[in-house]
Novice: 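Can you read through this structure? Questions will come right after.
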Amino acid sequence: MTVENNAAPAPAAPTDFIRDIVAGHIAEKRYDGIVTRFPPEPNGYLHIGHAKSICLNFGIALENGGRCNLRMDDTNPTKEDVEYVDSIIADVKWLVSGWADAHLGFKAKGATTAKREINGRTDYYAAPAAPGTPAVEPFFASDYFDALHACAVELIKRGKAYVCDLSPADTDAYRGSPDQPGKDSPFRTRSVEESLALFERMRAGEFPNGTRSLRAKIDMASPNIWLRDPLLYRIRHADHHQTGSKWRIYPLYDFAHCLSDYFEGITHSICTLEFVDHRALYDWILEALDLPRPLPHQYEFAKLNLGYTLVSKRKLLQLVQEKIVSGWDDPRMPTISGLRRRGVPAAAVRHFAYNIGITKFDSLTDVAVFEHAIRENLNATAQRRLGVLRPIKIVLTNLAPGEVIECDATNNPQDENPTTRKVALTREVFIESDDFAEVPPPKYFRLKPGGEVRLKYACIIKLDEIVKDASGAITELRCTADLTTRPGGANVEKKVKGTIHWVSASHCVDAEVRLYDRLFTVPEPAAQEDFTKFINPRSLEVITAKLEASLGEALPGQVFQLERTGYFTQDAKESRPGKPVFNRTITLKDTWAK
RNA sequence: UGCUCGAUGGUGUAAUGGUAGCACAAGCGACUCUGACUCGCUUAGUCUAGGUUCGAUCCCUAGUCGGGCAGCCA
C-alpha cells in the first residue's frame, strides 16, 4: 500500500491568456462544454514539462466543468512502444489523482469512432466512456486510422489532395526555403481518379517506403512552409503497436492531430509554441472537409525550461541509453516517474505548474521555484523522524548500560494538534558528525569542547571528553546528560543555542540512503554542444545512515522529514524488508551553510 | 535575409488606458527544543525612439534584441 500525499491546500486557480480565451468562449456560449486534451506521443516517458501541459489542460477542464482527454498521439509506428503507453497512463493518473480525476477523459476499451450523418454530412465521433463503464482506456490516434483514411479519400475527391511520386529528396528540393518559394510537384495536376487509385494501392502496400505520398494541395509559394503542399500520408511498411500489420500507410501529425481533436469534440487544442506555424494547416484541413460540428482551435504557449534540468524526451532517452542514469525513473530524472520515486508529491508538481504561469515568453524558470513548491508541500505534510546520516558516537556516561529513557517526539509541528511518538534515549547515541566541531568556527551553535547542546526531545548534554584512537581519529565523545532538562524536569526551560538530532545506537536501523543532487552542473544543459559533459559527478552519493527504529517499517510513497536534514522517502523499487533504501527528495533550506 | 511569436526587478509572472503588484531568489532582523517553518523589513523592473491621449506596461509606427519554422518526427 502506498500513501498518497494530497493534503496540502490547492492553490487558487490561476489566470492566463488561454484561460481568458476560454472564459470568453464560455461567455458567448460558443461551445456546449469545454473539452481539452493531453496528447503525448508514446515514444518516451513524461517529464516535468509535460506536467505543465497536463496541469493546464486538466486545470481548464476542471475549472470549467469540462473534460480533458488523454490521447496517445501514435501515428509513427517506428518510434513508439507499449511500455511508453503504460507509463504515460500511470503518470497522468498519478498527477491528476485527488485533483481532476473526475475530468479525465477515457473511452470504453476497444471503442473507436462512430460514423454518422449530421445534416447530410458525414461525421465521425469518438465518445468518452459513459460513467461507470467497467473497462476504459485512453484515446488513441491509431483508433482513427479508418476514419482518417476516409477523410483523406474525401480530400482527394474534393481535389484538395493528391498522390505525389516525388522522392523524399525531391520533395525537399521542390519545397524551396523560407525566403524562396517552392515549385509545384509535377504530380500536382494528377486527376482525382488517378490519385484515388494510387492512394488505394499505397494502402494495399504495393509501393516501397518513400516512393509516394499523399499531399494536400495548398500553395507551394506560401510564405508559411507548412502550407507548401504538406504531406498527409507516408508509406511505412512497419507494424504498429496498436493496429499490428493492418496499415502500410500512416498519417502524419498535421493531418491526424486536427482531425483527432475534431473526432473527440475537443474545443481547445493547446500545444506549445513550435506549432504556431502549423496552425494555418490545422485550420485548412478541418475547413477543407466541411465538417458538421463546431471546429476545434489551436492555442499555443511556451513550454517549460527549468534551470539545471533537461526537458526533452530525446535527450532524456540519451541519458537512459548511455546509462548515465539508471533508467527513466532514476530519481535524478525530471520525468514524472523519477519525481515520484524521488518522493516529490503530485500536489507539489501541480502547485509548481500553477505558480509559473502560462505565457508565450520563452523563459528559463529558476529550479528554486520548483524546490520551493516541494518544500512547501512537504513541510506541511511530512512526518518528522530522527536520522543521522554521518554518525559520530556519543557516550552519555551518567546513563547505565541498558537503561532506556523514553522521550516524546513530535510527528509534525505544523499540525493543528500534533501527535507524538516514543523515541529511546540510551547510554550510546549517534549524532551528526557535522554537529560536532573540535575547533568550532565562529557562531557555531552545536557541540564543541566544554560546550552544551540539546538533544532534541531529550535533554541537554555537556561534552566532557574527546576519545581518539592511535591515529588521532575521534572514536567517541563522552558527555554528561542533564536529565533535569527533560520535559517535566526542573530545568526544562534552560536555554542552549543549539538543538541537534540524534538516534539511539541500540534503537536504530541501518539504511542505505541515496543523497541526490542536481544532475547537471550548468543552468542550461540543453544549450551545451554536448550536455553529457556537464553531468554533476556528485549527483548521487550513497551512504549508510542510522535511522530511528520506527523508520524500519516506513510505507513506500510516504515522505518523511529527517529533522534538520531533509525529506526522504523509501525507494519503491529497490527497498527490501530488512534492507531499507531511502531516497533524499530534497534538503531543508540551510541558511547557515558555510 | 521570407514568415511567425515575443520582450515588465536577478528569475518567473500580474496589471489591457488611471497608484507597476505577487511569488521565488538575495540581504537584514525577530522567533525557535529543526540554523527548518513562521513573521517583519530591505534591495530591485516596464528594450529603444517617436506618435495618439489629460494620462501609455497597455494602443499605433519604426527600430533593437531574442525564440520558432525548410522531417515522409511529433
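Note: hydrogens, waters and symmetry copies are ignored here, and every other heavy atom, side chains too, is used. Here is how names work: the chains are called A, B, and so on, in the same order as the sequence lines, proteins then strands, and each is numbered from 1.
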Novice: Any protein N or O atoms within reach of nucleotides 16-22 of chain B? Criterion: under 3.5 Å, listing atom names and distances.
Specialist:
none

Novice: Could you tell me whether A:Thr565 contacts a base, only the sugar-phosphate backbone, or nothing, with contacts defined as non-hydrogen atoms closer than 4.0 Å?
Specialist: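 Here A:Thr565 touches no strand at all.
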
Novice: Check this for me: does any side-chain nitrogen of one of A:Asp229 and A:Lys217 sit under 4.0 Å from a carboxylate oxygen of the other?
Specialist: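 Salt bridge: no.
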
Novice: Identify, residue by residue, the members of residues 222-235 of chain A with a heavy atom below 4.0 Å from RNA chain B, and return them in order of residue number, or none.
Specialist: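 Under 4.0 Å from RNA chain B: A:Pro223, A:Ile225, A:Trp226, A:Leu231, A:Arg234.
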
Novice: Determine whether the aromatic ring centres of residues A:Phe568 and A:Phe560 are separated by less than 6.0 angstrom.
Specialist: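 Judged by ring-centre distance (under 6.0 Å), A:Phe560 and A:Phe568 do not meet the cut-off.
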
Novice: Over all strands shown, is A:Pro39 touching base, sugar-phosphate only, or nothing at heavy-atom distances under 4.0 angstrom?
Specialist: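 Touches nothing.
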
Novice: Choose from B:G12, B:A36, B:G68 the nucleotide whose nearest atom is closest to any side-chain atom of A:Ile356.
Specialist: B:G12

Novice: Could you check which nucleotide pairs with B:U38 in any of the strands shown, counting Watson-Crick or G-U wobble with both distances under 3.5 Å?
Specialist: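 Its partner is B:A30.
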
Novice: Could you list, one pair per line, each protein nitrogen or oxygen that sits under 3.5 Å from a nitrogen or oxygen of nucleotides 23-27 of chain B, together with the distance?
Specialist:
unit_1	atom_1	unit_2	atom_2	d
B:C24	OP1	A:His372	NE2	3.4

Novice: Hey, is the side chain of A:Asp277 pairing donor to acceptor with the base of B:G68 inside 3.5 Å?
Specialist: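 For A:Asp277, whose side chain was compared with the base of B:G68, there is a donor-acceptor pair (under 3.5 Å).
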
Novice: If you only use heavy atoms from C-beta on, which nucleotide in B:C33, B:U34, B:A74 is closest to the side chain of A:Asn76?
Specialist: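 Nucleotide nearest to A:Asn76's side chain: B:A74.
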
Novice: Picking from B:U34, B:U13, B:C73, which would you name as closest to the side chain of A:Phe361?
Specialist: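 Nearest nucleotide to the side chain: B:U13.
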
Novice: What is the minimum heavy-atom distance between A:Asp482 and A:Lys494, and which atoms define it?
Specialist: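 That closest heavy-atom pairing would be OD2-NZ, 4.4 Å.
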
Novice: Quick one: label A:Glu41 by what it contacts on the DNA or RNA (base, sugar-phosphate, nothing), any heavy atom closer than 4.0 Å.
Specialist: sugar-phosphate

Novice: Would you mind checking if A:Arg190 and A:Asp165 are paired as a salt bridge, meaning a charged N to carboxylate O distance below 4.0 Å?
Specialist: yes

Novice: Can you tell which of B:U34, B:C72, B:G67 lies closest to the side chain of A:Leu252?
Specialist: B:C72

Novice: Give me the ring orientation class for A:His149 and A:Tyr233: parallel if the planes are under 30° apart, tilted from 30 to 60°, perpendicular past 60°.
Specialist: perpendicular

Novice: Of the candidate nucleotides B:G67, B:C73, B:U34, which contains the atom at the shortest distance from the side chain of A:Leu588?
Specialist: B:U34

Novice: For A:Glu371, report the nucleic acid contact type (base, sugar-phosphate, nothing); a contact means any heavy atom under 4.0 Å.
Specialist: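 Contact class for A:Glu371: none.
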
Novice: Select one nucleotide: of B:C33, B:U32, B:C73, the one nearest the side-chain heavy atoms of A:Tyr457.
Specialist: B:C33

Novice: Could you tell me how far B:A7 sits from B:C72 if I compare only their C1' atoms? Round to whole Å.
Specialist: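 About 37 Å, rounded to a whole number of Å.
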
Novice: Indicate yes or no for a side-chain donor-acceptor contact from A:Asp74 to the backbone of A:Ser142 under 3.5 Å, with no hydrogens or angles considered.
Specialist: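 Checking the backbone N and O of A:Ser142 against the side chain of A:Asp74, a donor-acceptor pair under 3.5 Å is found.
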
Novice: With centres under 5.5 Å and planes under 30°, do A:Trp592 and B:G35 count as stacked?
Specialist: yes

Novice: Using every non-hydrogen atom in the two residues, find where A:Ala141 and A:Arg71 come nearest and quote the distance to one decimal.
Specialist: N-CG, 4.1 Å

Novice: Charged N to carboxylate O below 4.0 Å: is that the case for A:Glu432 and A:Arg564?
Specialist: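 Salt bridge: no.
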
Novice: Rounded to whole angstrom units, what separation is found between the CG atom of A:Asp435 and the P atom of B:U34?
Specialist: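 About 13 Å, once rounded to whole Å.
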
Novice: Against the six-membered ring of A:Tyr308, is A:Arg518 placed for a cation-pi contact (under 6.0 Å from the centre, within 45° of the normal)?
Specialist: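 Because its charged atom sits under 6.0 Å from the ring centre and within 45° of the axis, A:Arg518 does stack over A:Tyr308.
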
